[in-house]
Amino acid sequence: MFARSIVRRVHGRGGVLQLSEEVAAAVAEGRPTVALESTIISHGMPYPRNIETAVAVEDIIRAHGAVPATIAILDGKIRVGLSPAELEVLASSKNVSKTSRRDLATVLALGRRGATTVSGTMIAAHRAGIPIFVTGGLGGVHRGAEHTMDISADLTELGRTPVAVVCAGVKSILDIGLTLEVLETQGVTVVTVGATDDFPAFFTPKSGHKSMAAMPDVADCARAILANAQLGLGSGMVFAVPVPAAAACDAGEIEAQIQQALKEAEAKGILGKDVTPYLLSRVAELSGGRSLATNIELVRHNAAVGAQIAVAHARLKAASTKEPSSRVFPAAVPTSTTAAGPDVTTGRSTTAPTSSTASPTRSQRLLPITSDGRRPVVAGGVVVDITSRVSKDITLHTTNYGSVRQTLGGVGRNVAEALHRLGAQPVLRACVGADVAGSTVLGAMGTIGMETAGVQQLDRRRTASYSAVLDASGNLHFAVGDMDIFDSMGEAYVASFEQGLANASFVVVDGNVPLTSLAAISSASAKRGLPVWFEPTSVSKALKGLHPTVLPYLSYLAPNLYEMRAIAAALKIDRAPSSDDLDSSQVVAEARELLEKCQKALGGLGHEPVFVVKMGPHGVLAPTSLDTPQVVAHYPSKGPRQPEPVIVSVTGAGDSLCGGVVAGLHLGYSFRDAMRAGLVAAQHSLRDANPVGTSLTQAAIDRSGLSPLFD
């Protein structure tokens with residue numbers, strides 16, 4: 001794919017270590033790079049599954065914004081970054097030596113081909129300047145080691161080489177408890193990347209043992225890696241990623257298969273470095289291929305998480321050296337170091353309010369905090385939308401033929417995707433089930449490079465779904481919604497959300513979040529000086545924004561016209577009867593009247609959220625400036641020079657508007673230009689069958705192009 005076949009020599013080491021041009025450039029520029037071992041290719045999987053997985057893993061890492069660096073020994077050199085042809089050689093050759101620390105010198109001296117183990121890869125990665133390494137599972141203490149003393153060199157390498165290893169825990173064929181004891185003795189930090197500290201067991205999400213900490217946020221993982229380097233500890237770190245529940249093996253069945261394979265290995269006299277490849281191969285046979293499928297899925301999942309950690313680490317490292325990369329989403333740099341406040345060139349707030357800084361102005365409290373590589377956080381729903389449309393009249397009690405389309409939706413997910421496509425690198429906090437639909441959601445997000453570490457996959461819960469049946473004319477006949485999983489957004493969800501607030505810039509929360517959790521999230525965010533934008537999602541859920549445990553903490557309320565009517569009714573505002581048979585000027589006039597009366601009513605209660613009222617094809621009512629948020633203007637849905645849009649689907653347009661506005665604020669736009677960016681994002685949504693337009697990019701909302709469209 002993108003790895004170039006010839007390489008750049010690392011000076012000062014006799015040319016033994018050689019980096020591909022792609023990897024060398026990424027390391028030199030401080031771009032996120034992920035090391036990959038090659039033993040998993042040569043010894044861990046059969047051909048052609050090994051080459052297919054190797055290629056897929058590199059593609060996943062690139063999709064998440066990092067550069068893959070597969071490491072192996074070829075032609076007497078340690079190669080960091082391989083071409084497709086070199087990957088194929090490793091995958092198909094029989095004479096490839098499994099190469100750990102002890103083997104490096106001899107394999108190099110004899111000019112053999114070598115596939116690096118965890119320890120061998122760590123050494124090469126560290127010398128190449130790559131701090132993060134993804135693999136399947138760690139080696140460790142073999143069962144029966146009290147008699148054989150068979151302990152993997154991976155463990156001692158972790159004690160002396162400062163590389164972070166992202167893995168699915170320790171291979172289940174090993175003694176996990178003793179392995180963790182050895183890692184503790186070696187001074188190795190062991191963290192579970194997830195909501196709990198359960199240490200995974202490779203084929204299964206839980207081993208019965210605990211890590212020293214749980215870190216559900218990849219930004220926290222990145223900070224830990226940076227702190228380890230700044231302290232100069234010299235030891236590695238283990239970031240254990242539980243295999244997705246939908247891909248996991250049954251714990252009882254896999255243990256029985258491991259025990260059988262162990263007995264057979266002992267009977268055959270298989271020892272040393274040949275044990276692990278034999279056991280993995282034999283367990284795959286005994287499980288009918290189930291363990292191999294799990295192995296492949298966990299490696300792919302680890303690659304996605306590892307790449308996300310690498311991206312977060314590169315951002316933090318750039319910020320800590322005050323050399324932010326132009327390749328990451330722009331962060332505000334204060335023009336003065338003498339006081340907290342807005343950047344004089346952009347008006348953005350660059351410092352979160354603390355007890356030692358002056359109170360922020362009204363407009364500052366509405367702006368994202370863009371210092372220190374902070375990122376927008378979205379809390380809300382993920383829904384799989386299934387739309388079935390019959391080709392003829394609907395006939396009951398039999399099969400109706402037609403078309404079935406599945407798309408990913410949910411207001412929170414849609415907003416996060418829009419922010420992602422606009423370069424804002426959002427963190428989505430959501431829940432999906434440990435089912436096929438949940439795995440589909442995570443896979444689809446990963447395919448377009450969205451971070452998935454903040455999406456919890458819950459056992460025994462179904463991913464939210466909405467299934468609609470349309471007649472031949474496209475009219476809704478009936479629909480079934482399964483949204484029970486949103487009730488699971490409770491204490492654990494809130495705790496996970498709050499852990500990521502230290503690195504947040506702006507918070508968007510949708511009405512799918514239960515009221516108690518919505519209150520906790522809004523309160524915690526506001527207390528950190530973070531603006532909170534509430535997307536109601538429905539008429540009934542819009543009223544959550546008025547609850548006394550929520551309303552005081554909201555910076556923005558973004559209802560549509562129907563939700564605005566419900567808010568006005570809840571505030572007991574007198575108004576003329578509404579009608580859906582209104583022309584554009586009448587719709588705008590009604591919305592403006594409702595907005596002004598709601599502002600007055602809430603102002604009398606001491607609350608002044610900024611309203612962004614969405615009126616579909618009639619545009620949006622919102623402020624022109626955050627300095628005077630109570631003064632609203634009408635933003636038409638398109639500029640005078642824009643043609644009438646060809647509308648494919650209206651689903652997701654409002655969510656895309658939110659993503660565009662928040663992205664514009666992060667880019668330092670005035671609120672007026674941020675609103676225009678939101679309208680452009682909504683237009684991309686309207687032209688696409690997907691909720692968020694696949695044509696949406698940061699270039700689409702470039703400020704220089706907005707004025708010609710709308711003025």
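The figures here come from the full heavy-atom set of this structure, side chains too, leaving out hydrogens, waters and symmetry mates.
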Exam field: side chain [X] to backbone [Y], donor-acceptor pair closer than 3.5 Å:
| X | Y | value |
| --- | --- | --- |
| N690 | G693 | no |
| S555 | P531 | no |
| S391 | Y401 | yes |
| H547 | L543 | no |
| S649 | D688 | no |
| Y556 | L366 | yes |
| Q457 | G433 | yes |
| S538 | K541 | yes |
| E297 | A248 | no |
| H634 | H618 | yes |

Tell me the closest heavy-atom pair linking [X] and [Y], and the distance in Å.
| X | Y | result |
| --- | --- | --- |
| V610 | P623 | CG1-CG, 3.5 Å |
| N400 | T398 | ND2-O, 3.2 Å |
| G660 | A681 | CA-CB, 4.2 Å |

Compare all side-chain heavy atoms of [X] with those of [Y] and state whether any distance is below 4.5 angstrom.
| X | Y | value |
| --- | --- | --- |
| P376 | V507 | no |
| F506 | V377 | no |
| V311 | E451 | no |
| T624 | M675 | no |
| V299 | V57 | yes |
| L679 | Y635 | yes |
| L657 | V620 | yes |

Report task. To the nearest 0.5 Å, tell me how far L554 CG sits from L546 CG. Result -> 9.0 Å

Query raised in the report: Atom OH in Y466, atom CE in M483: separation rounded to 0.5 Å?
Result: 8.0 Å

Do NZ/NE/NH1/NH2 and the carboxylate oxygens of [X] and [Y] come within less than 4.0 Å?
| X | Y | answer |
| --- | --- | --- |
| K614 | E563 | no |
| D484 | R462 | yes |
| D217 | R429 | yes |

Requested in this report: From the options L518, L458, V513, I521, select the one residue that forms a side-chain contact (heavy atoms from CB on, under 4.5 Å) with M489.
Outcome: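 Between M489 and the candidates, side-chain contact (heavy atoms from CB on, under 4.5 Å) is satisfied uniquely by V513.
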
Side chains of [X] and [Y] only: does a donor on one sit below 3.5 Å from an acceptor on the other?
| X | Y | answer |
| --- | --- | --- |
| H684 | S656 | no |
| S403 | R389 | no |
| D510 | T537 | no |
| D482 | S465 | no |

Report task. Look at atom CG of D393 and say whether more than 12 heavy atoms of other residues, nucleotides or ligands are closer to it than 6.0 Å. Result ->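 Not buried by this count: 12 neighbours or fewer within 6.0 Å.
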
Report task. Carefully, step by step, assess E417 and M450 under the rule side chain to side chain contact (heavy atoms under 4.5 Å, CB included). Result -> CA-CA 7 Å; E417 182 181 342; M450 288 183 69; 3.9 Å; yes

